[in-house]
Structure formats: C-alpha cells, structure tokens
Amino acid sequence: MKNCFAYIRVSTAKQGEQGVSLQEQRDAIARYADRNSLKIIQWYEERETAAKRGRPIFNQMLKRLKKGDADCIIIHKIDRSARNLRDWADLGELIDQGIDVFFVNESLDLHSRGGRLSADIQAVVAADYIRNLREETRKGFYGRLKQGLYPMPAPLGYLDQGQGKPKAPDPVRAPLVRKAFELYATGRYNLTSLAETLFELGLRNRKGNKLIRTGLSEMLNNPFYIGLIRLKRTGESFSGNHPPIIKTTLFHRVQAILRGRTVEVEKRHNFIFRRLLKCRLCRYSLVAERQKGHVYYRCQTTSCPVKCFREEQVDEQIAAQIIPLQFNPAEKAYVRRKLSTMKVDWVKRHEENVRSLTLNLTALENRLNRLTDAYLDQAIDRTLFEQKKTTLILEKKGLEEKLAELKNGGSTGMPAAIEEFLELAGNAYVRWKLAKEEEKRDLLQDIASNCDVDEKSVMLTLKLPFSEIAGRPVCMDGGPYRYRPRTLDALILRLSKILSTQPSLTIRSKNRQASAATFTIAA
C-alpha cells in the first residue's frame with residue numbers, strides 16, 4: 001500500500017468557510033484511496049487561487065514529495081492542482097521523477113504519452129479559463145467605472161447601496177469626514193493630532209477603532225470625496241456618480257498642505273499677533289515677549305530703529321484702520337435701494353451665467369471625448385492621456401460645483417452675496433472689539449494681507465474687496481451730493497466682479513451673532 005498526500009483547494013477563504021466544496025473533495029479523495037488501496041498519511045488544505053504561483057501549502061507539499069516523504073499525491077481534479085502552466089510544469093517534473101499523481105475525476109495514466117497529452121490539454125484549458133475569466137471580470141469592472149460606479153467597498157464616509165448603485169454618504173461618518181478635511185485645511189494639525197481630535201469627535205474606522213496615520217493619509221489623499229474615482233494601482237481617473245462630501249477647493253487646499261507647500265508652524269505661545277507683524281525696514285517678523293504682565297512686540301534686528309509696541313497699542317491702531325469699513329446711514333439707505341433694484345435685474349444675468357457655465361461644461365466634455373479619441377488613435381501615450389484626463393475631470397468637477405452653487409443660490413445670488421459681504425465688512429470693527437484673542441487672529445488674517453510696522457505706527461494692508469470699501473471716496477462738506485451715488489454704484493460693481501471670482505469669501509470670526517444687529521443693509 002502506497003503512502004499518499006491528499007490535496008484539496010478552494011479559491012477564497014469565504015468559499016472555505018461557507019461552501020461545501022472542501023468536504024466534497026475530501027470525501028471523493030477518501031473513496032478513491034479506499035478503492036485503489038492507497039494510504040493517505042497527510043491532508044493538505046488550501047484556500048487560495050491557483051491562477052498565480054506562490055501558494056505556500058502547495059509548494060510545501062511539492063518539497064516534501066521531492067524529498068521522498070510520500071510515494072504519490074491524490075488531487076480531486078486537474079484544475080484543483082494548477083490553473084497556471086508553471087505549477088503544472090512542477091507537477092510534470094514530479095511525474096518524470098516517478099512520483100505518481102492521481103486525479104479522482106480524470107482517469108488518466110500520466111506515465112503514458114496519451115494520458116500525459118490529455119492532462120496537458122486539460123491544464124491548458126484550465127489556464128485559458130482563468131485568463132478569460134480575468135478578462136471578463138476586468139471588462140465588467142471598467143464598465144462600472146465608466147458608468148460612474150465604484151465596484152469596490154465604499155470608503156470611510158460612504159455606504160454601499162448594492163450592486164449597480166452609486167455609493168451614498170454615511171449620515172453618521174460623512175459629516176465627520178468633512179470635518180477632518182476642514183480641520184486639516186487650517187494647517188494647525190498634523191496627522192497624529194488630527195487622528196486624536198477625530199477620535200474625540202466620534203470618527204471610527206470600519207472596525208470601530210481609531211484611525212491610524214496611514215488610514216488618515218489615504219483618506220485625505222482620496223479624490224473619491226469630491227466625486228472622482230481614481231485607481232491607485234494604475235493612476236486612472238473616472239468621474240463618479242456618487243454625491244461628493246467636500247468641495248474641490250477644500251480638497252486642493254488639503255493636498256497643498258500634505259505636500260508641504262503650505263506649512264503652519266505649531267505655536268508655542270498664545271500671542272494674538274504672533275508671526276503677523278513685520279518690520280517695514282528689514283521685513284522680519286516681530287518677536288513677542290511677555291514682561292511685567294504686558295506683551296511687547298519688537299524687531300529682532302538690533303540695528304533696526306523700530307521701537308517696541310505694546311499689544312494694546314497694536315490692537316488700537318488696527319481697530320482705527322478698520323473703522324473705514326463702516327457705512328454711514330445715508331450710504332446704507334442708498335445701498336439698500338440699489339441692491340433691491342439689482343435683485344430684479346439679476347434674473348437675466350443669472351440665466352446668462354447658468355447658460356455660460358453649461359456651455360463650458362459641454363466644451364469640457366467635448367475635449368474629453370477628443371482626448372479619448374486621440375488616445376485610441378495612438379496619437380498620445382497612456383501616461384499623458386491619464387494626466388490630461390485627470391486635469392479635465394477635476395476642472396469639470398469645479399465647474400459642476402459652481403453651476404450647482406449658482407442654481408442653489410437662486411436668481412438673486414450675487415446681490416445676496418454682496419449684501420452679506422457688506423454686512424460682514426460693516427460689522428468688522430464691532431467684531432474686533434468683541435472678539436477673543438484667537439478670533440482676532442482669524443479676523444485680521446481674513447481682512448488683511450500685510451501688517452507692517454515702522455518706528456511709530458502699524459500699517460494695515462487690506463485684502464480685496466475690503467480695500468475697495470475702505471478706500472471709497474467720501475463726499476466732503478460742500479461737494480456735489482450726486483457724487484456719492486456714483487461712488488457707491490462703482491463700488492457695488494467692483495464688489496460684484498470680485499465676489500464672482502471669490503464665491504466662498506467669508507469672515508471666520510466666531511462672534512458674528514453678537515454684533516449682527518449693529519449693521520444690516522436689508523433692514
């Protein structure tokens with residue numbers, strides 16, 4: 001009686017746990033061994049595909065057979081042993097060495113030419129079956145991607161809706177994922193501190209554990225959250241049908257920080273104007289220090305004539321330069337009437353803007369089609385095609401977001417935006433007076449691009465469009481009254497042009513409600 005090894009296999013662990021194939025193979029092999037007086041001295045069970053080489057249990061069994069630990073091997077079918085020709089060649093070497101290989105379902109004499117030929121043909125058919133299956137699977141996979149569907153498990157923040165359906169935002173995790181992008185975009189977090197903060201807020205991974213640095217980095221780099229499907233292995237990109245969780249501008253901001261193009265140094269001392277004041281002469285940031293209960297800012301260049309400024313002095317001078325952002329009662333009344341008229345006339349402009357964005361989207365789709373045609377005609381290589389395709393898809397996503405904002409904003413979108421901005425700017429002085437330390441930093445960074453210091457004073461450079469409001473001509477006593485409406489009309493026109501390119505312009509000061517009643521154009 002010959003001593004034999006018995007080998008059984010299924011392709012996946014799930015088949016081994018839930019299916020009955022392994023038990024059926026075991027029973028068939030046991031019956032075959034009894035009929036042919038073969039003694040099974042060890043069973044080898046594997047749950048891995050045979051389409052590729054590298055099965056550890058199969059290779060271990062072959063090594064023991066070559067050492068002579070058994071006389072033969074029993075396998076249920078040829079395709080259970082190998083579905084790639086290299087593993088089949090290894091079995092052929094065993095047969096050439098005189099080791100018997102028995103297949104329960106195929107009654108073949110592998111020591112004869114005809115039996116060996118028949119087995120080789122069946123092995124080739126099994127390998128071809130795998131290649132065809134792989135090709136059909138790939139075809140179906142890419143077919144889903146071209147339809148805008150992601151045929152893989154949903155990333156964190158989304159839920160699977162079933163086969164053939166786009167992913168849906170998770171009502172619990174999606175807001176926390178959006179918060180993760182918003183927090184990291186501030187530049188005040190690294191991956192470790194962000195993971196701790198998100199864990200405190202309640203964000204967990206699929207297993208209910210805290211996100212690790214690697215998982216958090218993959219999430220922040222994944223364009224799936226802006227509606228773009230990107231295959232990490234090939235670098236290919238596809239436009240998805242799932243609703244985005246974040247905006248494209250926020251995603252690009254996060255990417256810039258991740259790649260080190262925007263870095264904010266971790267603060268050690270909580271000074272209000274740290275790294276915000278610059279010497280006008282040497283262009284170095286002023287250094288803050290606390291002495292006798294007061295905070296002083298001084299230039300770090302010893303030869304510079306800039307004197308020390310107390311924090312209270314800096315605060316007062318900045319507040320004085322914010323006062324011009326306020327409107328007097330006559331200006332408020334005129335702006336209120338002007339915006340009411342604009343809301344009536346804006347319907348036509350709104351329709352024109354929607355039509356223009358729609359045409360731009362159509363043009364982008366045509367460019368994508370031409371790019372695909374050029375790739376199919378082999379006019380460009382695959383690397384260049386994927387780069388251009390990704391750029392166009394991102395540009396398309398940006399236009400789609402603008403179009404959605406325009407439609408959601410209604411036909412009074414720009415007048416409403418101007419009205420809201422004027423309220424924010426007009427309340428800036430009151431907010432400054434009521435703000436806490438960190439809120440003053442946010443407000444100053446929102447409204448000013450530079451804050452220079454010379455020997456005696458602090459000079460604020462306001463950003464657009466705040467500088468337009470502060471620099472508007474004021475009608476002096478004795479001047480023509482008609483000059484003021486012309487000035488305000490020009491101001492509103494400039495604001496509409498600026499805000500059209502900066503639709504997300506806001507003031508981050510957290511005490512907006514405390515001063516909301518101070519200035520209201522729409523009242």
Side-chain angles (χ1 to χ4, degrees), residues 150 152-161 166-230 232 240 242-270 272 274 397 401 404-405 408 431 434-446 504-514 516:
Y150 187 57
M152 298 288 285
L156 189 66
Y158 284 90
L159 295 175
D160 292 312
Q161 299 297 302
K167 312 299 182 187
D170 187 335
V172 177
R173 291 190 176 98
L176 295 174
V177 170
R178 186 185 305 112
K179 187 68 175 178
F181 279 89
E182 292 172 351
L183 290 176
Y184 196 79
T186 63
R188 299 172 183 171
Y189 292 83
N190 55 32
L191 293 179
T192 302
S193 60
L194 181 60
E196 294 291 341
T197 302
L198 293 175
F199 184 75
E200 294 175 359
L201 292 174
L203 183 61
R204 305 288 189 272
N205 59 21
R206 298 292 185 186
K207 296 181 179 179
N209 300 323
K210 182 174 69 173
L211 290 176
I212 61 175
R213 287 174 54 90
T214 304
L216 191 56
S217 176
E218 289 180 358
M219 184 184 77
L220 295 176
N221 279 291
N222 192 352
F224 192 88
Y225 298 104
I226 61 173
L228 184 67
I229 301 174
R230 178 182 296 167
K232 187 176 180 180
H242 57 279
I245 290 180
I246 62 172
K247 293 185 178 181
T248 306
T249 51
L250 177 59
F251 181 77
H252 289 325
R253 165 73 178 171
V254 169
Q255 299 312 297
I257 296 176
L258 284 169
R259 281 148 185 76
R261 292 194 291 269
T262 304
V263 179
E264 185 164 320
V265 180
E266 184 178 358
K267 63 182 180 182
R268 295 183 179 179
H269 303 286
N270 193 24
I272 300 177
R274 60 187 182 276
K397 286 292 179 184
E401 287 181 2
E405 289 178 358
N408 294 334
R431 289 196 182 94
L434 299 178
K436 298 178 181 179
E437 291 184 354
E438 200 61 35
E439 293 172 347
K440 284 188 176 182
R441 283 186 60 81
D442 288 340
L443 181 57
L444 184 59
Q445 289 175 311
D446 284 332
S504 60
L505 183 62
T506 57
I507 294 180
R508 291 175 291 177
S509 180
K510 299 178 182 178
N511 59 349
R512 291 175 60 181
Q513 294 181 353

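Residue numbers start at 1 and run along the sequence shown.
In this structure, the side chains of Glu218 and Thr214 come closer than 4.5 Å at one or more pairs of heavy atoms. In this structure the side chain of Pro175 never reaches within 4.5 angstrom of the side chain of Ile245, judged on heavy atoms. Looking at heavy atoms from C-beta onward, Glu182 lies in side-chain contact with Leu250 at the 4.5 angstrom threshold. In this structure the side chain of Leu176 never reaches within 4.5 angstrom of the side chain of Leu198, judged on heavy atoms. Counting only heavy atoms from C-beta outward, the side chains of Arg178 and Ile246 approach each other to under 4.5 Å. Between Phe251 and Gln255 the shortest side-chain heavy-atom distance falls below 4.5 Å.
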Can you check side-chain contact (heavy atoms from CB on, under 4.5 Å) on Phe199 and Leu211, steps first, answer last? CA-CA 7 Å; Phe199 184 75; Leu211 290 176; over 6 Å; no
Open item on the list: Test side-chain contact (heavy atoms from CB on, under 4.5 Å) on Leu191 and Leu220; report intermediate values, then the result.
Closed with: CA-CA 10 Å; Leu191 293 179; Leu220 295 176; 3.8 Å; yes
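The line from CG of Leu201 to CG of Leu194 is 9.0 Å long, rounded to the nearest 0.5 Å. We find the CZ-OG1 distance between Phe181 and Thr186 to be 13.5 Å, quoted to the nearest 0.5 Å.
Residues Lys167 and Ala154 approach most closely at CD-CB, 3.8 Å, considering heavy atoms. Here the closest heavy-atom approach between residue Gly157 and residue Ala174 is recorded as O-CB, 3.6 Å. In terms of heavy atoms, Tyr225 sits closest to Pro155 at OH-CB, 3.8 Å. Considering every non-hydrogen atom in both Ile229 and Gly240, the closest pair reads CD1-CA, 4.0 Å. Contact record, Ala185 with Arg253: O-NE, 2.8 Å, taken as the closest heavy-atom pair.
Side-chain atoms of Lys397 come within 3.5 Å of backbone N or O of Gly227 as a donor-acceptor pair. The closest donor-acceptor contact from the side chain of Asn205 to the backbone of Asn209 lies under 3.5 Å. Using a distance-only test at 3.5 Å, with no hydrogens or angles considered, a donor-acceptor pair links the side chain of Glu401 to the main chain of Thr248. Under a 3.5 Å cut-off, the side chain of Ser193 and the backbone N or O of Asn190 do form a donor-acceptor pair. Judged by distance alone, with hydrogens and angles left aside, the side-chain atoms of Asp160 form no donor-acceptor pair with the main-chain N or O of Pro153 at under 3.5 Å. Panel note: side chain His242, backbone Phe224; a donor-acceptor pair is recorded below 3.5 Å. Side-chain atoms of Arg173 come within 3.5 Å of backbone N or O of Arg204 as a donor-acceptor pair.
Of the charged side-chain nitrogens involved, at least one lies within less than 4.0 Å of a carboxylate oxygen, so that Lys210 and Glu196 count as a salt-bridged pair. Salt bridge status for Asp442 with Arg188: present, with a side-chain N to carboxylate O gap under 4.0 Å.
Ring-centre distance between Tyr158 and Tyr150: not below the 6.0 Å cut-off.
Test Leu203, Asn222, Leu216 against Leu156 for side-chain contact (heavy atoms from CB on, under 4.5 Å) and you get one pass: Leu203.
Asn221 and Arg259 share a side-chain donor-acceptor pair at under 3.5 Å.
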